[in-house]
Protein chains: 4
Amino acid sequence: MPKQKTDPQEIVKSALNIFLEKGYHNTSMADIANETGLLKGSLYHHFKGKEDLMKAVISSIHEWYKREIFTIKDEKTFSTDQKIQALIKASEEIFFNRRGGNFMTNIALETLNVVPEFTAMFRAFFRDWIHCVKTVYAEVFPEDEAEQLAHQSISEIEGAVVMMELFNDKNYLRRAHKRIYNRFKSLSSVTK
Amino acid sequence: MPKQKTDPQEIVKSALNIFLEKGYHNTSMADIANETGLLKGSLYHHFKGKEDLMKAVISSIHEWYKREIFTIKDEKTFSTDQKIQALIKASEEIFFNRRGGNFMTNIALETLNVVPEFTAMFRAFFRDWIHCVKTVYAEVFPEDEAEQLAHQSISEIEGAVVMMELFNDKNYLRRAHKRIYNRFKSLSSVTK
Amino acid sequence: MPKQKTDPQEIVKSALNIFLEKGYHNTSMADIANETGLLKGSLYHHFKGKEDLMKAVISSIHEWYKREIFTIKDEKTFSTDQKIQALIKASEEIFFNRRGGNFMTNIALETLNVVPEFTAMFRAFFRDWIHCVKTVYAEVFPEDEAEQLAHQSISEIEGAVVMMELFNDKNYLRRAHKRIYNRFKSLSSVTK
Amino acid sequence: MPKQKTDPQEIVKSALNIFLEKGYHNTSMADIANETGLLKGSLYHHFKGKEDLMKAVISSIHEWYKREIFTIKDEKTFSTDQKIQALIKASEEIFFNRRGGNFMTNIALETLNVVPEFTAMFRAFFRDWIHCVKTVYAEVFPEDEAEQLAHQSISEIEGAVVMMELFNDKNYLRRAHKRIYNRFKSLSSVTK
DNA sequence: AATGAATGAGAATTCATTCAT
DNA sequence: AATGAATGAATTCTCATTCAT
């Protein structure tokens, strides 16, 4: 049975979905093959192995964020307020619909101390994310306060994701977003 | 070879340590046996299997919290302020020195969907924790605000743990604790 | 917790029951201990091990047959016809209520080629049984015909037990008994 | 090491042989792998596990019977007498040379209550066998007598197999076959 | 005698990976 | 590229047996 050419990105997508659903360790190459419609052996034409595939997934999400989210900070036409609202809106879209965000939280925690290369990649992602948020805050607040706020915001979102996962309740994230926005508004009004 | 009696709690402790170090999936029964000095087979005397042992670990941590932490809310001689300070101090002690706290975050996320029974146990733990914090807040704030604040506080701590884990930086948690305390102070001064 | 003195025959009975229920291989020493109310280790005070216990079971059944069944052939006051009826009645009682008979069929087949000592014991039992039946037949028929009939009768009963087991239908055995008796009646009327 | 393609039927055959030799419980997957020349793990490519493999063995024997034996009843060119002789000849060939027959007796009894699915399969086999024999008898005898005779014949063969197994004596089966044939002859002559 | 913890030798099974076709 | 059989190491779990108390 000849098969269509397989886009490696298709495999990455499938892998992302199953990793999220079952966790990294609980997911077998057979599961991934199954999801893609390929057979186990065929995966090895595209990726060196499970770790390699995992790295591609992390990388893919990171790249997507770089392209779609972290660019918000550079939107010339957006006010700071608009940027923050855009970031929040994107975050909600991601966590509720795409789940790439959960991946970076859940799978990161699961694999953090398992493979050092994963750790580095997760850190790079979060550094970029923090940097993006900080850059926006820095339009209004002094450098070190912006830095602080960025760390705090991401941390708050991460906590909300954990609770959301645990209790299956999206409100945790909604409320976190709201708090972040309100804090920005009240602080920036003071600053002005 | 003499047959030492083994306290099952010893096994639970060993398991807790290795689960924390290597993660649940990455830990084999042989690892645990090794840590306890028993042979693999002997573990099955005390626990039906890996899942059962895991449940014992979760339960043991939960019980410890119930005994040592969640009772803080009932300390007759403590003011609300003192209770919150005590909770924070305990939290810091736990997360920095005992690592049982991280377990409830990291291993929870890794195993949340592995077995429904785990999910239930983790949820029970967090419900109890939230309930404890809420009870303290309720001494000063109205019921629903106390509830909100409790959820927010735990969520914030969870986020800090994720970041702390990720970047190996305890300051995340320290700052989260500080924020929680300050928020309490400023809100309660308003209330009064 | 001190326990009453344990009669080894109690253990043998329990073992018989579980062997029958679960088969020899599928039964663990723990199962037997459980049934007797003892703990695993205690069984080894009475029997050298599983094989030894099994031999005691086989032996016990054999002895019981020797005492209760195979003596029928020597009943001075019974006619041949009465002896055959008594044997059949006993057989029915055994297979339907005591199940010792099934043991000698089912467990024999399961363990026949597993432990040579079992084989010898099962053979001895069946030789005795055949001998008993033959002795009765020999009251009426010539030696070699009696021998033939005995083998055939036992064989028929064994077949019926297999079918009974397979289809959970006691009628197989009832009909086999009926055939055996009728055959005896018709043959002996001819002989006279 | 070159990777030979293995016909799953080869595995089934090997399994059949070892199951017969050592019994189901006493046979390990390693034994089977060893017999086939594969490694343990490789067996799981073809069969989900030991039970699954066992089912394939039972099924394979059943299918073989359906194809080679149970079709005898439909041989247009055979008289009833010839059909019975053919069935008997086949039975002898099977039990003496192929051993698949013993499987359906010995292993059936050993595994009857291990897994309900086995029970169902063994019953299906025996029902088919009985049906085949009954159909042949029904050419000469009334329906219900044919049914009775079929049950009796199979039961008799089963008993003979037990005795044959027990005493390692093929004569039991030979005599059972002879009896079955003679009974048919004498009854059918009466009927005519 | 009884206990029950400990042993240790396997058992079945899983799975990432390799490789001939 | 894709296939899918084969590999082999690792993993969970079982169980007859031993032994200190």
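Lettering of chains follows the sequences in order, A, B, ..., and the numbering in each one begins at 1. These numbers come from a predicted model, not from an experiment.
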Requested in this report: With a 3.5 angstrom cut-off on both distances, give the Watson-Crick or G-U wobble partner of E:dT21, or none if there isn't one.
Outcome: F:dA2
Query raised in the report: Mapping B:Leu39 and A:Ser28 to their closest nucleotides on DNA chain E, which lands nearer the 5' end?
Result: B:Leu39
Query raised in the report: Whole-Å distance between F:dG4 C1' and D:Leu43 CG?
Result: 16 Å
Query raised in the report: Given B:Ile58, which of B:Phe125, B:Phe103, B:Phe19 fulfils the side chain to side chain contact (heavy atoms under 4.5 Å, CB included) condition?
Result: B:Phe103
Query raised in the report: Do B:Glu165 and B:Val162 have side chains that get closer than 4.5 Å, going by heavy atoms?
Result: no
**Report entry** Interatomic distance where CG belongs to A:Asp31 and P belongs to E:dT14 [whole Å]
**Finding:** 12 Å
Report summary line: Here the distance between atom P of F:dT12 and atom NZ of D:Lys40, to the nearest Å, is 15 Å
Report task. For E:dT7, take OP1 and OP2 only and decide whether either is under 4.0 Å from a side-chain N or O of B:Ser42. Result -> yes
**Report entry** Rounded distance in Å - CD1 (B:Ile32) to P (F:dC13)
**Finding:** 10 Å
Report task. Measure the distance from CD1 on C:Ile11 to C1' on E:dA2 and round it to the nearest whole Å. Result -> 11 Å
Requested in this report: Kindly check if the number of other-residue, nucleotide or ligand heavy atoms within 6.0 Å of NZ (B:Lys66) is above 12?
Outcome: yes
Query raised in the report: Quick one: C:Asn34 CG to F:dA16 C1', roughly how many Å, whole number?
Result: 16 Å
Requested in this report: State which residues pass side-chain hydrogen bond (donor to acceptor under 3.5 Å, both in side chains) with B:Ser59; sequence neighbours excluded, sorted by chain then number.
Outcome: none
Query raised in the report: Hey, does the side chain of D:Thr6 come within less than 4.0 Å of F:dA6's phosphate (OP1/OP2), counting only N and O?
Result: yes
Query raised in the report: Is it the case that D:Lys50 places NZ or CZ above or below the six-membered ring of D:Tyr44, under 6.0 angstrom from the centre and within 45 degrees of the axis?
Result: no
Query - Spacing between B:Met29 atom CE and F:dT14 atom C1', to the nearest angstrom - result: 12 Å
Query raised in the report: When you look at CD of A:Glu63, are more than 12 heavy atoms from neighbouring residues, nucleotides or ligands closer to it than 6.0 Å?
Result: yes
Requested in this report: Using a heavy-atom cut-off of under 4.0 Å over every strand shown, decide if D:Thr27 touches base, sugar-phosphate, or nothing.
Outcome: sugar-phosphate
Query - Note, C:Lys55 side chain near C:Phe47 side chain (heavy atom, < 4.5 Å) - result: no
**Report entry** Residue-level proximity of residues 44-59 of chain D to DNA chain E when a heavy atom falls under 4.0 Å
**Finding:** D:Tyr44, D:Gly49, D:Lys50
Query raised in the report: If you find the nucleotide of DNA chain E closest to A:His25 and the one closest to B:Asp7, which residue's nucleotide is nearer the 5' end?
Result: B:Asp7
Query raised in the report: Partner of F:dC15 by Watson-Crick or G-U wobble geometry, both contacts under 3.5 Å, or none?
Result: E:dG8
Query raised in the report: Roughly, in whole Å, what's the span from CG in D:Leu38 to P in E:dT13?
Result: 16 Å
